[in-house]
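The structure appears right after this line, and notes come after that.
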Amino acid sequence: MQTGEAPASMEVEAIPNGLGIQSGSLPLKPKFEPLKAHEMSDGRVQFRKVSVPPHRYSPLKKAWMEIYTPIYEQMKVDIRMNLKGRKVELKTRSDTPDVSNLQKCADFVHAFMLGFDVVDAIALLRLDELFVESFEIKDVKTLRGEHLSRAIGRLSGKGGKTKFAIENATKTRIVIADTKIHILGSFQNIKIGRDSLCSLILGSPAGKVYSKLRQVAARLAETF
Amino acid sequence: MAKPSETGMEALHHLKSTDPPALLAPSPTLSQTARTASQHLFSCLKPYAPKSPFDQLLTDGFDAEQIWQQIDLLSQPLLSTLRRQVKHLEKHPEESKIVLKKENEFLDGERKILEEKETKRFDDDVDDDDMDMDMDEFDDEEEEEEGGRRESEKGESEDESGEMVEGKGGEGIEDKFLKIKELEEYLEEDEAREYGLDRKKKKGELKLEEEEEEEEEEEDEEEEDDDDDELDDEYEDAEENARYEDFFGAKKKTVPKRKSSLSNGSDEDSGLNDDGAVEKKGGLSTHEKQLEKLQSEIEQMEKANLEPKTWTMRGEVTAASRPKNSALEVDLDFEHNVRPAPVITEEITASIEDMIKQRIIEGRFDDIQKVSSLPSTAPKEVKQLDENKSKKGLAEVYEEEYIQKTNPAAAPISFSDEQKKEASILFKKLCLKLDALSHFHFAPKPVIEDMSIQANVPALAMEEIAPTAVSDAAMLAPEEVFSGKGDIKEEAEVTQAERKRRRAKKKRKFKAEAVKRMTKKARDNTALLNHNEGNHLSVPNGGLFS
């Protein structure tokens with residue numbers, strides 16, 4: 001127990017004895033200030049560790065500064081790369097403003113590890129309501145061999161145009177990593193993106209998906 | 001002629017006794033006897049006929065026709081008086097009985113019979129026909145009984161055939177004078193009523209003929225009833241209803257005579273029948289002919305029905321099933337679905353021209369109003385699917401979205417197309433210029449926070465819209481335009497030696513850089529290793545991988 005710190009942060013209203021306790025009146029409510037991230041777990045430091053897959057190693061090296069700067073500067077979270085364990089480690093500092101910062105940073109790093117670009121993953125830091133959804137092709141439909149390959153090809157499209165089309169229409173970012181698919185965006189947009197991708201996996205032609213996307217995009221644009 | 005009455009009677013008797021066939025052949029002795037007999041009769045009748053011009057019948061050297069004329073002259077008024085008498089008697093039957101009773105001296109039997117007949121006739125005679133019949137019968141009877149004054153006369157009139165009427169004795173002429181006369185008159189009157197006066201003579205002839213025939217056939221003076229009956233029957237047959245037997249029946253002999261008689265007698269009954277009353281022997285009756293015609297027609301029609309119909313009568317006929325060019329001969333009626341072309345007449349053209357003139361005067365032309373192709377509303381912005389990788393990061397996208405939501409004014413213009421953007425920018429510029437020209441107050445240019453390229457344009461042009469003065473002074477400072485040091489030479493100007501020198505310099509620089517980089521790398525690696533081994537403190541500079 002860090003007794004030294006606790007009393008320093010807590011402000012307890014001491015009732016002066018001189019005034020005297022009136023019989024029948026309740027004692028005044030204590031006022032507490034919100035806990036800092038640092039004090040959350042009784043002043044201990046919190047850690048997050050994000051493992052680095054081998055294929056993201058060199059991209060991580062390239063984009064390290066882009067990752068590091070916003071985490072350390074703006075989020076006030078300590079970050080370092082554990083080369084031996086191939087992990088990125090995050091730690092809260094004493095002046096970390098919000099308890100959720102650490103988690104956000106962890107998510108951000110994790111998103112990068114999944115395959116998203118830094119500029120895209122940065123949105124996780126900036127916006128609260130963005131999520132990453134991951135699913136596999138086999139969750140949608142069991143495909144084997146060539147069918148699987150064709151499905152993957154259908155998802156991406158020629159030069160990735162189908163994927164980009166979905167991304168642009170639904171304001172999401174999609175990463176197709178072999179049989180795993182990751183979608184980054186708001187909840188609604190993830191759903192739309194997922195529906196489109198699932199329909200593509202199930203076999204509908206790209207044109208059909210496009211038409212649907214167009215409608216959706218128009219509807220989304222109308223709301224603003 | 002010495003004893004006229006006697007010789008007359010004798011002549012009558014003689015005539016009576018002659019054979020009928022003998023009468024057929026003309027013989028002078030017979031004719032002489034006939035003449036004498038007729039003379040006798042004439043003289044008998046003379047006292048009762050006041051108007052007669054002849055005292056006695058003149059027969060010497062006279063023709064049968066002439067003799068007949070004489071008799072006629074005598075008998076005509078006599079008959080009329082008799083008729084009158086009979087009518088009178090009819091109206092007053094008591095008188096007749098009185099008369100009868102008065103003159104009941106002679107031949108009671110005959111008288112009675114006569115009476116009976118008279119009464120019978122008078123009582124029974126309701127029908128005219130019967131009356132006529134009776135009258136006729138009575139006439140005949142009289143003639144038969146009394147030597148037949150008329151009979152004899154009529155018989156004499158028909159000297160041609162040589163047939164003579166047998167004359168019965170003039171019995172009881174005087175006794176039954178009135179009676180007879182009245183009866184005669186009555187009968188004649190009735191006859192006249194029935195058929196007309198003309199008829200009387202004919203009837204008389206008819207009767208005469210019939211009498212002659214029948215009397216020749218069935219002579220029985222005494223059996224007056226029978227005779228009468230026969231006569232009745234015969235007369236009934238002849239005059240009342242012409243029966244089938246008369247025409248087509250057993251009596252073939254009498255057919256021609258009957259026909260002539262009947263044709264003279266009754267018009268109504270025998271009018272139609274006369275046409276049909278043709279002898280079957282020779283040819284077919286008209287009725288039969290008609291029937292035959294009908295039959296043949298029927299046969300024809302049946303035959304026609306059995307045969308196949310002509311093509312015009314059949315239903316749907318194609319060109320193959322009818323003879324060639326047959327449709328040309330038939331007057332066909334078509335239903336024309338197309339309205340026939342209007343025949344242009346002067347009136348129509350005049351009316352049209354009038355209409356045109358009127359329209360021109362009014363100025364009311366039915367011109368087609370062009371529909372403007374510009375849409376009334378702005379076209380809905382269709383967001384095109386961008387198939388390229390988005391240049392903006394996701395964060396920027398959401399940023400923009402957020403800005404648009406919260407602060408729409410400050411939000412950058414969202415256009416799908418680059419060209420649209422360009423166009424909008426140009427338009428904005430134009431609008432700005434126009435506004436500046438039109439507005440009285442000065443409004444500065446709106447700041448578009450965009451990476452704008454500073455063009456090396458004269459400064460005055462930027463600040464003043466209406467260029468009052470033109471200046472060469474550029475916006476950018478010279479050093480902004482070019483910040484170079486030393487002797488600047490163009491590529492063309494550079495000499496070979498200079499080129500070599502430049503290249504050497506470049507190489508040196510590059511080499512220095514490379515060395516520097518390598519040393520740095522080595523340094524960093526060692527530092528990292530040291531770092532990993534040692535403490536976990538993060539490097540504040542973050543220069544792990546620089």
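Labels below follow one simple rule: chain letters A, B, ... track the order of the sequence lines, proteins then strands, and each chain is numbered from 1.
Heavy atoms closer than 4.5 Å to chain B are found in both the backbone and the side chain of A:S186. For chain B, the nearby parts of A:D120 are the backbone and the side chain; heavy atoms of each come within less than 4.5 Å.
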Would you check, one step at a time, whether the test salt bridge (Lys or Arg N to Asp or Glu O under 4.0 Å) holds for A:R48 with A:E89?
CA-CA 6 Å; A:R48 294 279 185 276; A:E89 288 161 4; over 6 Å; no

Let me see the working for B:E498 and B:R501 under salt bridge (Lys or Arg N to Asp or Glu O under 4.0 Å), right down to the final yes or no.
CA-CA 5 Å; B:E498 276 278 320; B:R501 217 180 289 138; 2.6 Å; yes

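In this structure, A:R56 satisfies the cation-pi test against A:F112, with its NZ or CZ atom closer than 6.0 Å to the six-membered ring centre and inside 45 degrees of the ring normal.
When each of B:N388, B:L394, B:D386, B:V397 is scored by its heavy-atom pairs under 4.5 Å with chain A, the top score falls to B:L394. Counting heavy-atom pairs closer than 4.5 Å to chain B, the top residue among A:L130, A:T162, A:I122, A:L213 is A:L130.
When all heavy atoms of A:V77 and A:K91 are compared, the pair lying nearest together is CG1-O, 3.3 Å.
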